[in-house]
Asks: 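My questions all concern the structure below.
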There are 2 protein chains.
Amino acid sequence: MFNDFKLTEGRPIYIQLKDYLKRMITNGHLLEHQKLPSTREFSLLSSISRNTVLTAYTDLEQEGLIYAVKGKGHFVSHVEIFNSQSIQLNWTEKINEQTFLAEKMDLMKHGLVWKKGMISFTSIAPDEKLFDVENFKRAFLNRMSLEGDIVLNYGYAKGYKPLIEYLLHYMEIKGVDTRNKDILITNGFTEGLDLLLSSLNKKNGRLICENPTHHSALKLFQLHGFEIDGIEMENDGVNVKKLEKSLSEKEYDFAYLIPSYHNPTGIVTSSEKRKKIMDLFSTYQLPIIEDGFNEELRYSGSHLAPLAAFGGLGNNVIYISSFSKILFPGLRVGWILADKELIYYLESMKRARTIHTSTLDQAVLYQYLNDGYFEKYIKKAKAVYKKKYELAVHYCKQYIPCKRITGDGGLHLFIELNNNIDAQKLLEACYPKSVVFSLGHVFYTDNNGKHTLRLGFSRLHENEIVEGIKIIGNTLKTNFGG
Amino acid sequence: MFNDFKLTEGRPIYIQLKDYLKRMITNGHLLEHQKLPSTREFSLLSSISRNTVLTAYTDLEQEGLIYAVKGKGHFVSHVEIFNSQSIQLNWTEKINEQTFLAEKMDLMKHGLVWKKGMISFTSIAPDEKLFDVENFKRAFLNRMSLEGDIVLNYGYAKGYKPLIEYLLHYMEIKGVDTRNKDILITNGFTEGLDLLLSSLNKKNGRLICENPTHHSALKLFQLHGFEIDGIEMENDGVNVKKLEKSLSEKEYDFAYLIPSYHNPTGIVTSSEKRKKIMDLFSTYQLPIIEDGFNEELRYSGSHLAPLAAFGGLGNNVIYISSFSKILFPGLRVGWILADKELIYYLESMKRARTIHTSTLDQAVLYQYLNDGYFEKYIKKAKAVYKKKYELAVHYCKQYIPCKRITGDGGLHLFIELNNNIDAQKLLEACYPKSVVFSLGHVFYTDNNGKHTLRLGFSRLHENEIVEGIKIIGNTLKTNFGG
């Protein structure tokens, strides 16, 4: 008895003892009215001080799990022992089609398994080695000392007010006219998009977007039952002629566009095209969901305004973004900037579904941004990523024979292999050589892209980037005569 | 020019200057090729050091917003000025029925407005004065020093592993057999319920629950299009006979139950009833969604196991809970404990919809729990809330003439006034006397409850509780002859 009780580091001992005994009682290993060892006996049996045992016993008594009899010791109280008549339901029968689809499209659950030591080009998350943990701690302590109790209690569905104001100003600096607009804070970009899709009616049940496009968005569009028309990408953004043709032929509910460092092609839509796109959607009176993805990561070149800025006082652009992509993905904070009335309704949907976004995340992020740490961080991060980007471009051009490489910056490149080469087969050939990358076809709205792949380089060392690209190139040449 | 530039406290000056100039450029107040004041001139015009001005100019140059001409100074670059041809869409035409319903059921947007200085019995959130901010900071710093970079980068949809393991153990201590079960971390209870409702098929499109019940759950059931059958509450839990009758007459997809400190009635379902309920659902082979609401807040009495424990090795109970209700609501962390296979699918839905819950929230909560701070906090909190509870019961009994008062502990009481008294009218009469409370009818599944109200006392001072109850009681007597 009691010899399976093992202490672990870092947790108060009286709690460990209490938990242990509680579990013995609730699972029936200790029976009703059974006598517990005296505190002295328990202390002798174990290496625990008598006082600590006493604290545990007192707590258990207060919680009604044991009772004391004066002069006799402690005994186990009456605790329900549970019926063993256990029901076994078949849960897969109870799950709906969308959920099976979510599982089917869950990239984390399918495909080749990454192993430690591999060179993985699959991630486009920021490199945690760049994280500015010290200033983040500073921002946390600053905020907590200002209003720790507020940060830890319920907040508002719309978001943490100082952060909303900061972001409104931030969008104004990008050239957005915010007078008739408002902001809703969400748990990252993905919740923002999901909330929006849950709130719009499906008059036509159809949307238009770039092809290929962001996989998580594609998944959400499918989960929400939309028909998806993808328009091919040119080197300066979506093919506007084809976009116009589609708009003139079919009725759409909205467009979804990623103007900067488009995922997966890495293409930045030119200023001229941004204008043309806005004019086109003005003609057709259609909303645009603009994905602000990695807009902050411009390494060089002239300023480029988001579509939301080109829209002026108009209200057809819904801008969704997040700092998570480049700053701290572990914090789930994104925002929707859109027409005031739309935000008013989205706020109620947000409250209904998740109450609000973590006030802690929002408050610390606000402090970090406001104190200017983000500016410093982004400068440092840009310098590092720019170098990785240039290295990746250089070695891809040298080693990977292909039809097209795109990527105007950002954290990834997109490669179209020659048409007869299957990227899946290339991946299978690279895998034993410890190199993996993302297959491009998962980003396509149709069944194309079998010969494409995405290389994310943000989290790799420079020498890994070089080595990995060489391995892919050599495999192409050796196995596919590329 | 530039005389509307105002500095605010706490943000680096070069960033404020940069932001200011950037905004002047993007909104067209500074024109292409316009010359900026020299750094010396700007420094003289303002109270900003020349070096600071230079830093701002250098940043703007790097971002492509201004250019330098040697010996001549800095000039504004070409920046697109946006078309004023602004589209005005009518967004209310584009919003679906569910969203209007979410707005309609949004209690924060309707009803009487709380004003500062009022005695408000509407909240059942924890009292932030009890928050243990110092130990929370300690937990944060501990976790950050252990793995700050991991905490800040992407996590897993399923949740932060140490927290999942902690919670599995936590549920085992409550008597739950976790062998065939698993845990998914969610953004609080509400997201957990919403995820689940989004994932289950609606074979019968009908559910059964206590009447009245938790308003946020009721709202989600309606948003998901379920027909809701509510079963009346007795003093020891739901009326089992009526429950049985309904189960025998109609087909349900599942039940939703709150066995502890039921919201809004405050009733704790007795051990005997818990058993009966489990037997009944075993007979009908039906799932139960168990809301673990405030289970930790037991002030006295014997141990009461959750339904999930009564289920043994069975898999029909889906237990959803959160520490937010009593610990830190600002942190959005809840969990679903359920059948392993169900969790596997819910995980994909979670990933599709919000990627994952804030790693920061999860990691700090884990550390706080593991270090034993929660145990200490809950003892202190229980002592304070117990006193408030006893005070509220005592004064309600003395001052409020009514049919029934329920509430076996927790943070609120529920009052059924005599049938002829409308709680809405009582509220309107109390409002000018600076007392507000929650109307009970919003918790009802049918159109009943017009004569009921909920009194949340957690955040009120003891003297406010006494005073507020006296005012309600006197108003009842004076205006309604109660």
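In the text below, chain A, chain B and the rest are named by the order of the sequence lines, each starting its count at 1. Treat the numbers as computed from the prediction; the structure is a model and nothing was measured.
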Asks: To the nearest 0.5 Å, what is the distance between OH (B/Y345) and CD (A/Q98)?
Replies: 14.5 Å
Asks: For the residue pair A/P12 and B/E375, establish whether any side-chain heavy-atom pair is separated by less than 4.5 Å.
Replies: no
Asks: Between B/Q367, B/M108, B/E63, which residue shows the highest count of heavy-atom pairs closer than 4.5 Å to chain A?
Replies: B/M108
Asks: Examine the side chains of B/K174 and A/T26 and answer whether a donor and an acceptor come within less than 3.5 Å of each other.
Replies: no
Asks: By salt bridge (Lys or Arg N to Asp or Glu O under 4.0 Å), which residues pair with B/K158, not counting sequence neighbours?
Replies: B/D182
Asks: Are side-chain heavy atoms of A/K137 and B/F140 found at a separation under 4.5 Å?
Replies: yes
Asks: At a heavy-atom separation under 4.5 Å, does A/I343 approach chain B through its side chain, its backbone, both, or neither?
Replies: neither
Asks: Looking at A/V333, A/T190, A/T186, A/I173, which has the largest count of heavy-atom pairs under 4.5 Å with chain B?
Replies: A/I173
Asks: How about A/Y166 and B/R11: does a side-chain donor come under 3.5 Å of a side-chain acceptor?
Replies: yes
Asks: Please classify the contact between A/I95 and chain B as side chain, backbone, both or neither, with a heavy-atom cut-off of under 4.5 Å.
Replies: both
Asks: To the nearest 0.5 Å, tell me how far A/L130 CG sits from B/N153 CG.
Replies: 10.5 Å
Asks: Checking heavy atoms, do the side chain of A/E93, its backbone, both or neither come under 4.5 Å from chain B?
Replies: backbone
Asks: Return yes if some donor-acceptor pair links the side-chain N/O of B/W91 with the main-chain N/O of A/N315 below 3.5 Å, else return no.
Replies: yes
Asks: Can you confirm whether A/E128 sits close enough to B/L152 that some side-chain heavy atom of one is under 4.5 Å from a side-chain heavy atom of the other?
Replies: no
Asks: Can you check whether B/L313's main-chain N or O pairs, donor with acceptor, with A/Q88's side chain at less than 3.5 Å?
Replies: yes
Asks: Where on B/K203 is there a heavy atom nearer than 4.5 Å to chain A: the side chain, the backbone, both, or neither?
Replies: neither
Asks: According to ring pair (Phe, Tyr, Trp, His ring centres under 6.0 Å), who are the partners of B/F374, at least two apart in sequence or on a separate chain?
Replies: B/F323
Asks: Please look at B/L286 and chain A and tell me whether the side chain, the backbone, both or neither of the residue comes under 4.5 angstrom of a heavy atom of that chain.
Replies: backbone
Asks: If you measure only the distance, is there a donor-acceptor pair under 3.5 Å linking the side chains of B/S358 and A/D361?
Replies: yes
Asks: Whether the side chain of B/K202 engages the backbone of A/N96 through a donor-acceptor N/O pair (distance < 3.5 Å, no angle test) should be reported.
Replies: no
Asks: Using a 4.5 Å cut-off on heavy atoms from C-beta on, say whether the side chain of B/R353 contacts that of A/L220.
Replies: yes
Asks: For B/T357, which atoms come within 4.5 Å of any heavy atom of chain A: side chain, backbone, both, or neither?
Replies: backbone
Asks: Identify whether the distance between the nearest side-chain nitrogen and carboxylate oxygen of A/K379 and B/D59 falls below 4.0 Å.
Replies: yes
Asks: Measure the CG-OG1 distance between A/L193 and B/T354 for me, rounded to the nearest 0.5 Å.
Replies: 12.5 Å
Asks: Can you find a side-chain donor-acceptor pair between A/E103 and B/Y344 that sits under 3.5 Å?
Replies: yes
Asks: Could you look at B/N180 and say if it's the side chain, the backbone, both or neither that has a heavy atom under 4.5 Å from chain A?
Replies: side chain
